[in-house]
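In the text below, chain A, chain B and the rest are named by the order of the sequence lines, each starting its count at 1.
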Number of protein chains: 2
Amino acid sequence: MGEIVFVGLGLHDERGISLRGLEEIKTADSVFMERYTSLMPGLSIRHLEEMSGKRLRMVSRRELEEENGKTVLESAKHGKTVLLVPGDPLIATTHVTLRIEAERHGIKTRIVHGASILSAVIGLSGLHSYKFGKNVTVPFEDENPSETPYNVIAENNKAGVHTLCLLDMKEEEKRFLSIHEALETLLKIEAKRKCGAVTMDTLAIGIGRAGSDKPEVKADVIRDLLNHDFGTPPHTIIFPAKLHFMEAEALIFLAGAPEKLRDTAT
Amino acid sequence: MGEIVFVGLGLHDERGISLRGLEEIKTADSVFMERYTSLMPGLSIRHLEEMSGKRLRMVSRRELEEENGKTVLESAKHGKTVLLVPGDPLIATTHVTLRIEAERHGIKTRIVHGASILSAVIGLSGLHSYKFGKNVTVPFEDENPSETPYNVIAENNKAGVHTLCLLDMKEEEKRFLSIHEALETLLKIEAKRKCGAVTMDTLAIGIGRAGSDKPEVKADVIRDLLNHDFGTPPHTIIFPAKLHFMEAEALIFLAGAPEKLRDTAT
């Protein structure tokens, strides 16, 4: 009986993987990769294959979710099998299901962690890590008119904690929700709900391409963020709650926030 | 004018660094490292120096906090300066202060992310990432009888979100708060407060040595966790809120939780 090693690719490109992760690939009997849970725009599969000396086999959402990762499980019965996933593994519930399925079949599993958007946004924004509440994913508007993201932002704000909004993607269709689109969606819900959680005057932080050499990080009221160019995807948004004065300083110096932000911090 | 690149070392040992992080060290003019914000028990400085061909200079808490990172800032005025930090950089507020200080002096800063305990515990436990509320650090009892951790657990629980408890450390004294000690501290506060947030029958998940080859992950009621051997530090605790049935399955299969957990999940 083999094993499955879930290896995190980290952020942005193939150089986001850890040294330990690369070693695991080199010593694997089979290596699979999924690319649909997060966008890594700079990723070169060829470069990763050259560095590791191993052939990488792509697995689709269909193979992992509808077919319960049968291919990966089958391979793991016969030898050491690595599944490469963007970011830190097992943040997406689909991987957890596969891991449980493996253990249920007596296949051992291990994790080699990678950098995750969940902690990267903390460093990029300079906000306090212990002030983040639960995160939420903003879906494409056309298919899912969910008010959940709006509700999470409103509840977190009331509780005095920041909200990280992940933006949905459809890798198969090369569609990635942008900061502008997500803000428009939230503003439409605001127009209906009128709780004041996401208005033109609400402060938010847009982050483009976290983990790349040139991430775009901009803090401003939504009115002005809508005119800001965040470049290519992936995008992320943080809705901060009431700021500590050191957080305001961080947003001013590290995210180009307006200086008047100081007056609202405590 | 040079720059400061904050490079995350990831978890456990020097192989937690990303390929991009190692490249940044190789091309740096000066490389500093701090080890006091998180314990990386397997870290070999010599191995990191051999791999990178660079001499690493340790910076103490005193140098970074009391002297505002003067040594690092001075070095960054003259060339590319890397500051290596455990985990993902800038989760600790002391690094944010240094980064603001640098930008204030016209020194550019960049971040190379690393795996963080904040996301690692999600994968290790199998809990849903979007159900984590704000995290909190449990301090040593002798110096700080703070009830904050207890309050955060109680509030998060009421709001239906999980709480990650980081456990304090004093690198200079080689003291690392253990799961047992932290639980005892919380039980003492419970005895005083009687809110029922942390009792002998409360479910919690203890995690030892996240990011190592042999992390110890155990979910059980506190009564039984107190008898469980989590091995050497670092330790972490999660207090889960009401579980989704898939989370209960994950805890049973991946963290050895009692099977009766299924009855309490929804």
List the steps, then state whether side-chain contact (heavy atoms from CB on, under 4.5 Å) holds for B:E23 with A:R15.
CA-CA 9 Å; B:E23 281 173 31; A:R15 297 174 304 151; 3.0 Å; yes

side-chain contact (heavy atoms from CB on, under 4.5 Å) between A:V96 and B:L127, worked out
CA-CA 9 Å; A:V96 181; B:L127 295 175; over 6 Å; no

Among the listed options [options], the residue most often paired with chain B at heavy-atom distances under 4.5 Å:
| options | answer |
| --- | --- |
| A:L124, A:L11, A:V161 | A:L124 |
| A:K134, A:H113, A:K131 | A:H113 |
| A:I117, A:I252, A:I100 | A:I100 |
| A:S116, A:G211, A:P215 | A:G211 |
| A:A92, A:A120, A:G10 | A:A120 |

Assess whether atom NZ of A:K242 is packed by more than 12 heavy atoms of other residues, nucleotides or ligands within 6.0 Å.
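For A:K242, atom NZ is crowded (more than 12 foreign heavy atoms under 6.0 Å).
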
Residue [X] versus chain A: region with a heavy atom under 4.5 Å:
| X | value |
| --- | --- |
| B:Y130 | both |
| B:D88 | side chain |
| B:V136 | neither |
| B:N156 | neither |
| B:L22 | side chain |
| B:I91 | both |

Under a 4.5 Å heavy-atom cutoff, which of B:H12, B:H162, B:H95, B:R99 has the most pairs with chain A?
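With the most close heavy-atom pairs to chain A, the winner is B:R99.
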
Compare all side-chain heavy atoms of B:S18 with those of A:I17 and state whether any distance is below 4.5 angstrom.
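Contact flag for B:S18/A:I17 side chains = no.
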
Are the side chains of B:I122 and A:L118 in touch, meaning some heavy atoms are under 4.5 Å apart?
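Yes, close enough: below the 4.5 Å cut-off.
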
For B:E14 and A:L19: C-alpha separation, side-chain torsions, deciding distance, then whether side-chain contact (heavy atoms from CB on, under 4.5 Å) applies.
CA-CA 8 Å; B:E14 69 283 357; A:L19 304 183; 5.9 Å; no

Quick check: closest heavy atoms across B:R20 and A:D13, and the distance to 0.1 Å?
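Heavy atoms of B:R20 and A:D13 come nearest at NH2-OD1, 2.7 Å.
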
For the pair A:R104 and B:E249, find out whether any cationic side-chain nitrogen is under 4.0 Å from an anionic carboxylate oxygen.
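Here A:R104 pairs with B:E249 in a salt bridge, since their nearest N and O are under 4.0 Å apart.
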
Can you tell me which portion of A:S119 sits under 4.5 Å from chain B's heavy atoms? Options are side chain, backbone, both or neither.
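For A:S119, heavy atoms of backbone and side chain both lie under 4.5 Å from chain B.
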
Under the side-chain contact (heavy atoms from CB on, under 4.5 Å) rule, what do B:T97 and A:M246 come out as? Steps first, then yes or no, please.
CA-CA 8 Å; B:T97 310; A:M246 275 302 295; 3.7 Å; yes

